[in-house]
Amino acid sequence: MTPVHFVFSSGFMLGLAGLAFHRTHLLSALLCLEGMMLSLFIALSLWTLEFNSTNFASSPMILLAFSACEASAGLALLVATARTHGTDRLQSINLLQC
């Protein structure tokens, strides 16, 4: 494993570990998801450049577009949750109650 692959895989794993073990606020969960998506974007871009593959050249841009949509939906949920519940703590949110 090259050092570049190690950096991006460890960045993804750190985002996953932060998402799994540090779920106190919705904003921290969204930041962990965004970090995971950015590491996947950079890894997919480097993979396309490494193999000189023109077939998958648009894949990183599609992933980046989905990441932007995910971030906007997450921020909309964060604002709606903060307005209705007064906080973004995940322990105070009951998903069974509207």
Side-chain angles (χ1 to χ4, degrees):
M1 179 179 282
T2 64
V4 174
H5 289 112
F6 176 73
V7 167
F8 294 122
S9 64
S10 64
F12 182 81
M13 289 300 169
L14 282 174
L16 187 63
L19 186 63
F21 297 126
H22 189 67
R23 292 182 296 178
T24 56
H25 293 280
L26 182 59
L27 184 61
S28 64
L30 290 174
L31 284 174
C32 289
L33 279 174
E34 197 64 32
M36 290 169 56
M37 290 299 285
L38 285 175
S39 67
L40 281 176
F41 168 72
I42 293 172
L44 191 60
S45 298
L46 286 177
W47 179 68
T48 306
L49 288 174
E50 185 177 326
F51 290 119
N52 292 327
S53 175
T54 59
N55 295 335
F56 299 110
S58 63
S59 296
M61 294 309 290
I62 293 171
L63 182 69
L64 192 62
F66 282 133
S67 177
C69 293
E70 175 254 334
S72 66
L75 286 177
L77 285 173
L78 177 70
V79 169
T81 302
R83 284 185 181 172
T84 58
H85 295 286
T87 184
D88 70 333
R89 291 185 58 85
L90 292 176
Q91 280 79 20
S92 67
I93 298 172
N94 188 2
L95 293 178
L96 298 176
Q97 184 181 30
C98 289

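Quick caveat: nothing in here was measured; it's all calculated off a predicted structure.
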Closest heavy-atom pair and its distance - Gly15, Cys32:
O-CB, 3.5 Å

Consider only side-chain heavy atoms of I, L, V, M, F, W and Y, link residues closer than 4.5 Å, and tell whether Ile42 and Phe51 are in one cluster.
yes

To the nearest 0.5 Å, tell me how far Ser58 OG sits from Leu64 CG.
12.5 Å

Ignoring hydrogens and geometry, is there a side-chain-to-backbone donor-acceptor pair from Thr81 to Leu78 under 3.5 Å?
no

Within this structure, what is the CZ-CG distance for the pair Phe66 and Leu40, rounded to the nearest 0.5 Å?
13.5 Å

Looking only at heavy atoms, what is the nearest atom pair of His25 and Asp88, with distance?
ND1-OD1, 2.9 Å

How many angstroms lie between atom CG of Leu38 and atom CZ of Phe8, to the nearest 0.5 angstrom?
10.5 Å

Sequence-distant partners of His5, side chain to side chain donor-acceptor pair (under 3.5 Å), two or more places apart:
Thr2

Atom of Thr48, atom of Ala57 and distance for their closest heavy-atom approach:
CG2-CA, 3.8 Å

With clusters defined by side-chain heavy atoms of hydrophobic residues (ILVMFWY) lying less than 4.5 Å apart, directly or transitively, does Trp47 cluster with Met13?
yes

Answer yes or no: is there a donor N or O on one side and an acceptor on the other, between the side chain of Ser45 and the main chain of Phe41, under 3.5 Å?
yes

Between atom CG of Asn55 and atom CG of Asn52, what is the distance when rounded to the nearest 0.5 Å?
12.0 Å

In terms of heavy-atom contacts, Glu34 and Ala71 come closest through OE1-CB, 3.5 Å

When rounded to the nearest 0.5 Å, the distance separating CG of Leu14 from OG of Ser9 is 9.5 Å

About how many Å separate CG of Leu63 and CG of Leu44, when rounded to the nearest 0.5 Å?
6.0 Å

